[in-house]
2 protein chains.
Amino acid sequence: MVKLRPASFLMLGMLRLGVRSGYAIKKATDISVRFFWPTSFSQVYPELTELEQNGLVTRRDDSHGARARSAYDVTEDGETALIEWLRSPVTTPLKFRDEGVLRLYFADELSREEQLRLVWRIRERARASELELRENILPLADPLTGKGIAFPGIVAKLGVDTFAYVEQWLGRLEAELEEAPPQDRG
Amino acid sequence: MVKLRPASFLMLGMLRLGVRSGYAIKKATDISVRFFWPTSFSQVYPELTELEQNGLVTRRDDSHGARARSAYDVTEDGETALIEWLRSPVTTPLKFRDEGVLRLYFADELSREEQLRLVWRIRERARASELELRENILPLADPLTGKGIAFPGIVAKLGVDTFAYVEQWLGRLEAELEEAPPQDRG
DNA sequence: GGAAGCATGTAAAGTGTTACATGATTTT
DNA sequence: AAAATCATGTAACACTTTACATGCTTCC
């Protein structure tokens with residue numbers, strides 16, 4: 001059996017949720033898991049082709065007049081692969097690669113004023129992400145919850161709450177930096 | 001001027017903190033920012049060579065007997081580049097690419113029991129990361145704080161607190177899943 | 001009639017990870 | 001004597017992002 005990556009399971013999972021075309025998968029990802037697993041057209045189309053070649057999805061023509069469109073369905077093999085992945089131990093170690101936090105690590109190079117500006121910027125970024133999740137992503141997941149599909153909503157809520165927590169944490173850091181005078185080095 | 005990436009600034013920043021060799025930069029990263037910006041030997045060495053070619057660092061021989069070693073210093077241009085990066089707006093959007101959360105998104109495919117196992121696994125992963133940060137990374141940053149270098153400690157604390165928050169959040173989710181019976185679909 | 005959105009893809013560049021390769025020194 | 005750690009690098013592979021390329025349909 002072929003080795004599948006998380007990106008492959010993103011396709012399989014989205015198809016299982018009723019999303020049909022490559023275009024729609026990319027769009028659906030943008031308004032759902034993009035904070036946790038973003039993707040692009042140039043990833044989606046080759047991935048679907050590969051999945052079809054391996055018999056995990058089937059493709060059929062779904063053109064509307066002159067506009068070409070392919071619709072995909074998950075095969076039994078595809079469903080098995082998806083579920084086995086969900087059941088298997090999570091091997092990739094948790095990390096949170098983020099340029100903002102990397103900058104923060106080296107912020108002792110800056111003056112107190114500039115440090116505050118940096119922290120503020122990182123906080124604003126967290127705030128913007130939280131807002132985006134809360135206003136544009138969570139509401140789309142709610143109707144699914146009513147239909148017995150709970151986890152898209154759960155994941156959106158996890159994102160909202162985590163980003164809000166980071167935002168508050170950075171707010172407290174700002175307050176502390178404003179109060180405490182910078183210490184002498186050495 | 002050449003375009004520098006976050007990885008370049010990781011090198012410059014570590015050198016500014018007193019780390020001297022490529023080997024030491026990789027090791028220092030492993031016990032400090034690796035959760036937010038991991039690196040590898042195969043990234044460090046070419047990166048240092050490039051930085052030297054662009055005049056942002058200088059290299060000198062620091063061999064001990066037959067064991068070869070290069071020591072690097074940040075030039076004025078290098079310091080300027082680092083500080084300008086720290087001052088510039090954070091452009092990269094905040095995302096938290098994580099396979100665990102991606103799985104969670106599709107967890108409606110699983111039985112309630114399997115859902116609980118998945119959530120538990122993700123929570124264990126968060127717990128392990130929190131522990132690693134709290135026990136092995138935070139203590140190393142504390143002595144720096146006493147010397148007026150505060151941000152390595154701040155970043156470690158941010159990591160500890162955030163992972164602890166996620167851990168608790170997932171713990172509550174587990175409790176809710178245990179209580180609530182799975183809803184019928186459709 | 002123009003803009004936005006639907007729809008599919010390829011090519012190239014950039015970035016990151018893993019495997020390979022070598023050898024010295026220090027610690028157990 | 002063996003294991004762990006110090007030290008530097010190359011090569012291959014995997015993955016992601018950006019740019020390019022095209023054309024239809026729907027909404028304003």
Side-chain angles (χ1 to χ4, degrees), chain A residues 2-11 14-15 19-31 33-53 57 59-72 91-93 95-99 102, chain B residues 2-11 14-15 19-31 33-53 57 59-72 91-93 95-99 102:
Chain A
V2 202
K3 207 203 141 197
L4 302 174
R5 297 142 286 167
S8 321
F9 297 113
L10 173 61
M11 309 303 142
M14 284 296 177
L15 291 173
V19 181
R20 300 256 122 304
S21 70
Y23 185 85
I25 289 176
K26 154 72 166 122
K27 288 291 163 184
T29 301
D30 283 349
I31 53 171
V33 274
R34 86 139 194 275
F35 281 99
F36 308 106
W37 207 278
T39 193
S40 61
F41 288 125
S42 49
Q43 237 191 340
V44 168
Y45 293 116
E47 186 64 52
L48 285 171
T49 305
E50 212 189 305
L51 288 172
E52 196 206 2
Q53 279 162 6
V57 302
R59 168 191 233 147
R60 66 192 150 83
D61 187 67
D62 189 32
S63 300
H64 282 222
R67 182 186 286 170
R69 181 162 64 187
S70 297
Y72 294 87
T91 51
T92 50
K95 59 191 144 175
F96 189 170
R97 191 184 280 273
D98 180 67
E99 201 194 315
L102 181 63
Chain B
V2 202
K3 205 202 143 197
L4 301 173
R5 296 142 288 170
S8 321
F9 297 113
L10 173 61
M11 309 303 141
M14 283 297 178
L15 291 173
V19 181
R20 299 255 126 302
S21 69
Y23 184 85
I25 288 175
K26 154 72 165 122
K27 287 292 164 183
T29 301
D30 283 349
I31 54 171
V33 275
R34 86 139 195 275
F35 281 97
F36 308 104
W37 207 277
T39 195
S40 62
F41 289 126
S42 49
Q43 239 192 338
V44 168
Y45 293 116
E47 186 63 51
L48 285 171
T49 305
E50 212 189 304
L51 288 172
E52 197 207 0
Q53 278 161 6
V57 302
R59 170 189 232 146
R60 65 193 151 80
D61 187 69
D62 190 30
S63 301
H64 283 221
R67 182 185 287 170
R69 182 162 63 187
S70 297
Y72 293 86
T91 52
T92 51
K95 60 192 145 175
F96 187 169
R97 192 184 278 275
D98 180 66
E99 202 193 314
L102 181 63

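Below, all heavy atoms of this structure are taken into account, side chains as well, without hydrogens, waters or symmetry copies. The shown structure was predicted, so the numbers you read here are calculated from the model rather than taken from an experiment. Sequence lines set the chain letters: A, B, ... in the order given, protein chains first and strands last, and positions in each chain run from 1.
- Comparing atom distances between the Arg67(A) side chain and each of dT8(D), dC6(C), dT17(C) picks out dC6(C) as nearest.
- In the set dT8(D), dT16(D), dT17(C), the nucleotide with an atom closest to the side chain of Ser40(B) is dT17(C).
- At a threshold of 4.0 angstrom between heavy atoms, the contacts of Ser21(A) are confined to the sugar-phosphate backbone, with no base atom among them.
- At whole-Å resolution of the value, CD in Glu99(B) and P in dT16(D) are 11 Å apart.
- Listed nucleotides dG9(C), dT18(C), dT15(C) differ in distance to Arg59(A); the shortest reach to its side chain belongs to dG9(C).
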Could you walk me through whether Met11(B) and Ile25(B) pass the side chain to side chain contact (heavy atoms under 4.5 Å, CB included) test, one step at a time?
CA-CA 7 Å; Met11(B) 309 303 141; Ile25(B) 288 175; 3.8 Å; yes
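- Atom pair Asp30(A):CG and dT16(D):P shows a separation of 15 Å (rounding to whole Å applied).
- Proximity of Arg97(B) to the phosphate of dT16(D): a side-chain N or O atom is located under 4.0 Å from OP1 or OP2.
- Atom CZ of Phe41(B) and atom P of dC20(C) are 17 Å apart (whole Å).
- Where Ala71(A) and Gly65(B) meet DNA chain C, the nucleotide closest to each residue was compared, and Ala71(A) sits on the side nearer the 5' end.
- Classification of the Phe96(B)-Phe36(A) ring pair by plane angle, with boundaries at 30° and 60°, yields tilted.
- Computed from coordinates, the Leu4(A) CG to dC15(D) P distance equals 11 Å when rounded to whole Å.
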Candidate pair Val19(B) and Lys27(B), rule side chain to side chain contact (heavy atoms under 4.5 Å, CB included), full reasoning:
CA-CA 10 Å; Val19(B) 181; Lys27(B) 287 292 164 183; over 6 Å; no
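- Following rounding to the nearest Å, Leu10(A) (CG) and dT16(D) (C1') show an atom-to-atom distance of 14 Å.
- With rounding to whole Å, Tyr23(B) atom OH is found 7 Å from dA7(D) atom P.
- Taking only distance into account, the side chain of Ser70(A) never meets the base of dT8(C) through a donor-acceptor pair shorter than 3.5 Å.
- For the side chain to side chain contact (heavy atoms under 4.5 Å, CB included) test with Glu47(A), the passing option among Thr49(A), Val44(A), Leu51(A) is Leu51(A); the others fail.
- For Ser42(A), whose side chain is taken as the heavy atoms from C-beta onward, the closest listed nucleotide among dT16(D), dT8(C), dA19(D) is dA19(D).
- Phosphate proximity of dT8(C) to Arg69(A): absent, as no side-chain N or O sits under 4.0 Å from OP1 or OP2.
- A straight line from CE of Met11(B) to C1' of dT15(C) spans 12 Å, rounded to a whole angstrom.
- For the OP1/OP2 pair of dT17(C) and a distance below 4.0 Å, the side-chain nitrogens and oxygens of Lys95(A) include at least one atom meeting the criterion.
- With hydrogens and angles ignored, the 3.5 Å screen pairs a side-chain donor or acceptor of Arg20(A) with a backbone N or O of Tyr72(A).
- Relative to the side chain of Tyr45(A), the nucleotides dT15(C), dA7(C), dT25(D) differ in distance, and dA7(C) lies closest.
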Stepwise side chain to side chain contact (heavy atoms under 4.5 Å, CB included) check, Met14(B) with Leu10(B):
CA-CA 6 Å; Met14(B) 283 297 178; Leu10(B) 173 61; 4.1 Å; yes
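- Among the atoms of the strands shown, none is found under 4.0 Å from any heavy atom of Arg20(A).
- Arg5(B) has its CZ atom 11 Å from the C1' atom of dG16(C), to the nearest Å.
- Across the interface with DNA chain D, nearest-nucleotide mapping of Ala68(B) and His64(A) shows Ala68(B) to be the residue nearer the 5′ end.
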